[in-house]
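In this text the structure is predicted, and so the values were computed from the model without any measurement.
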Amino acid sequence: MRGVKFTRRAMAHKIRHLFSLLPRGRRHHFSACRLEKTFFPRQLFIRTNAFGLHGKHVPKGIPLAGVLFLGLAFPSAHAEGPAYRTHLPGVGTEDPRQRVDTGQMPWSAIGRVQTELGSRCTGFLISPVLVETAAHCLWLSPTERFIRPSSVHFLLAYSGDHYTAHARVVRVMIPPGYTTAEEARTAGQDHATLVLDHPIARPENVFHVTAGPADITPGTPVLLGGYEQNQPNIITADLNCHITGLSQDLSGHTLFTHDCAGTHGSSGAPVLTKTQDGWQVLGVQVQASTQQAGGRAVPLLNSPPAQQ
């Protein structure tokens with residue numbers, strides 16, 4: 001029992017320390033990442049969320065052989081260099097990602113979704129008070145439930161030691177059928193809408209959901225950028241990639257594949273394309289390939305796709 005009390009006391013101290021850093025906008029780092037593999041036909045993908053606290057809990061229904069604890073393979077989330085990048089799922093042997101300017105659209109509408117437990121993902125504004133991200137970023141494996149909204153923060157255009165705005169989440173909306181325990185059946189519902197406690201941007205500086213099913217077409221040029229494991233304090237992006245195909249989860253929900261380089265921490269990032277009317281968001285990044293550059297995204301549409 002002494003060990004249990006010590007662990008809880010140490011955990012509470014760490015949580016209070018992480019929370020104390022958020023309002024000041026100070027630089028804060030998170031160490032290990034833990035990802036869970038999900039098997040799909042012809043391709044192997046893993047979720048791309050990142051965790052700051054080491055964990056050994058496995059969601060029900062996920063076999064141990066399909067779980068990858070990145071903290072064991074890579075002791076630091078800040079390791080850099082070619083030897084490290086060759087091991088990043090979703091990136092491939094040639095790393096095309098580059099740092100982008102968070103003071104300019106589309107990157108100024110992207111931010112870091114961060115919890116008081118230390119987990120982090122990418123998110124983006126779809127209104128001055130609404131943020132879209134991946135639902136699995138909010139799942140707590142130890143308690144097998146989603147995190148309380150009040151424990152989630154959004155740091156808009158976070159870069160290094162500053163951000164343009166900070167807000168706390170007051171409500172989370174997740175499709176009722178989504179569960180991390182049945183990823184193969186519900187992956188197409190892996191997205192969440194976060195309601196912020198106050199507006200943090202002008203309407204012209206957010207993404208408006210305008211895409212329809214016809215816009216999700218193989219060959220469409222896209223780009224992907226987020227707060228990724230080896231560069232967690234800046235946005236790095238692949239600016240030259242494409243939609244490669246369409247797929248469905250076992251319940252018939254649509255996803256699309258792409259060849260954009262993106263790894264742990266990119267979950268919740270927008271898959272974007274440029275149109276004559278400006279930037280258009282096509283989907284939410286949720287999984288990275290373990291075999292090559294690329295991943296899968298949940299379409300973000302102004303009308304639901306037809307079930308097949």
Side-chain angles (χ1 to χ4, degrees), residues 35-40 45-49 51 55 57-63 66-67 113-117 119-127 129-154 167-197 207-213 216 246-257 266-271 281-287 295-308:
L35 280 264
E36 294 154 338
K37 290 182 181 177
T38 305
F39 293 85
F40 293 93
F45 297 92
I46 57 176
R47 301 188 195 120
T48 48
N49 54 312
F51 290 82
H57 299 274
V58 180
K60 291 181 179 179
I62 304 295
V67 178
V113 176
Q114 190 160 299
T115 77
E116 293 168 10
L117 294 178
S119 62
R120 55 176 172 78
C121 278
T122 303
F124 57 96
L125 289 172
I126 57 173
S127 93
V129 293
L130 296 178
V131 172
E132 200 73 12
T133 189
H136 70 255
C137 294
L138 308 174
W139 179 253
L140 298 175
S141 295
T143 57
E144 297 186 339
R145 62 177 177 82
F146 289 102
I147 194 169
R148 293 182 303 174
S150 60
S151 296
V152 184
H153 300 254
F154 184 67
R168 186 187 291 269
V169 174
V170 296
R171 183 184 177 192
V172 175
M173 294 178 284
I174 297 173
Y178 176 73
T179 171
T180 61
E182 298 181 74
E183 193 72 19
R185 185 178 63 83
T186 64
Q189 295 179 298
D190 186 1
H191 67 99
T193 303
L194 314 179
V195 182
L196 305 180
D197 61 1
F207 299 112
H208 300 284
V209 181
T210 60
I216 313 296
L246 300 174
S247 64
Q248 293 182 331
D249 63 22
L250 296 182
S251 295
H253 304 110
T254 301
L255 298 97
F256 64 85
T257 57
S266 67
S267 273
V271 179
V281 57
L282 299 181
V284 182
Q285 165 84 340
V286 295
Q287 296 170 344
R296 301 215 304 180
V298 175
L300 189 61
L301 308 176
N302 62 0
S303 60
Q307 297 290 313
Q308 298 181 1

Visitor: How many angstroms lie between atom CG of Leu138 and atom CD1 of Ile147, to the nearest 0.5 angstrom?
Guide: 7.5 Å

Visitor: Check Val284 against Gly268 and note the closest heavy-atom contact, atom names and distance.
Guide: CG1-CA, 3.7 Å

Visitor: Of all heavy-atom pairs between Asp190 and His136, which one has the smallest distance, and what is that distance?
Guide: OD2-ND1, 2.6 Å

Visitor: About how many Å separate OG1 of Thr179 and CZ of Arg185, when rounded to the nearest 0.5 Å?
Guide: 7.5 Å

Visitor: Mind listing the closest non-hydrogen atom pair of Leu282 and Ala211 along with its distance?
Guide: CD2-CB, 3.9 Å

Visitor: Let me see the working for Phe154 and Val152 under side-chain contact (heavy atoms from CB on, under 4.5 Å), right down to the final yes or no.
Guide: CA-CA 7 Å; Phe154 184 67; Val152 184; over 6 Å; no

Visitor: How long is the straight-line distance from CD of Gln287 back to OG1 of Thr257, given to the nearest 0.5 Å?
Guide: 11.0 Å

Visitor: Measure across Arg296 and Ala187 and return the closest heavy-atom pair with its distance rounded to 0.1 Å.
Guide: NH2-CB, 4.3 Å

Visitor: Could you give the distance from CG (Leu125) to NE2 (His208), rounded to the nearest 0.5 Å?
Guide: 10.5 Å

Visitor: Before you tell me yes or no, could you show the steps for Thr254 and Ile216 under side-chain contact (heavy atoms from CB on, under 4.5 Å), namely the whole-Å CA-CA distance, both residues' side-chain angles and the distance that decides it to 0.1 Å?
Guide: CA-CA 10 Å; Thr254 301; Ile216 313 296; 6.0 Å; no

Visitor: Applying side chain to side chain donor-acceptor pair (under 3.5 Å), can you list everything that pairs with Thr186, at least two apart in sequence or on another chain?
Guide: none

Visitor: Any chance you could measure Met173, atom CE, to Glu132, atom CD, to the nearest 0.5 Å?
Guide: 8.0 Å

Visitor: Tell me every residue that passes side chain to side chain donor-acceptor pair (under 3.5 Å) with Ser150, counting only those two or more places apart in sequence or in another chain.
Guide: none

Visitor: Check side-chain contact (heavy atoms from CB on, under 4.5 Å) between Val170 and all other residues, then give those that pass, not counting sequence neighbours.
Guide: Val195, Asp197

Visitor: Can you classify the ring geometry of Tyr178 versus Phe146 as parallel (below 30°), tilted (30 to 60°) or perpendicular (above 60°)?
Guide: tilted

Visitor: Start with the C-alpha distance between Leu300 and Ile126, add both sets of side-chain angles, then the distance that settles side-chain contact (heavy atoms from CB on, under 4.5 Å), and finish with yes or no.
Guide: CA-CA 10 Å; Leu300 189 61; Ile126 57 173; 4.3 Å; yes

Visitor: Once you round to the nearest 0.5 Å, how far does CG of Leu255 lie from CD of Gln189?
Guide: 10.0 Å

Visitor: Ignoring hydrogens, what is the shortest heavy-atom contact between Phe207 and Pro270? Give both atom names and the distance.
Guide: CE1-CG, 4.3 Å

Visitor: Just to verify, what does Thr133 make a side-chain contact (heavy atoms from CB on, under 4.5 Å) with, not counting sequence neighbours?
Guide: Val113, Cys121, Cys137, Ala192, Leu194

Visitor: Quick check: does any side chain N or O of Thr115 sit under 3.5 Å from a backbone N or O of Leu117, one acting as donor and the other as acceptor?
Guide: yes

Visitor: Do the side chain of Ser266 and the main chain of Ala269 share a donor and acceptor less than 3.5 angstrom apart?
Guide: no

Visitor: Show the numbers, then the answer: is there a side-chain contact (heavy atoms from CB on, under 4.5 Å) between Phe256 and Val271?
Guide: CA-CA 10 Å; Phe256 64 85; Val271 179; 3.9 Å; yes

Visitor: If I compare all heavy atoms of Val298 with all of Gly188, which pair ends up nearest, and what's the gap?
Guide: CG1-O, 3.3 Å

Visitor: Quick test of your reading of the model: are Glu116 and Arg168 salt-bridged, counting only N-O distances below 4.0 Å?
Guide: yes

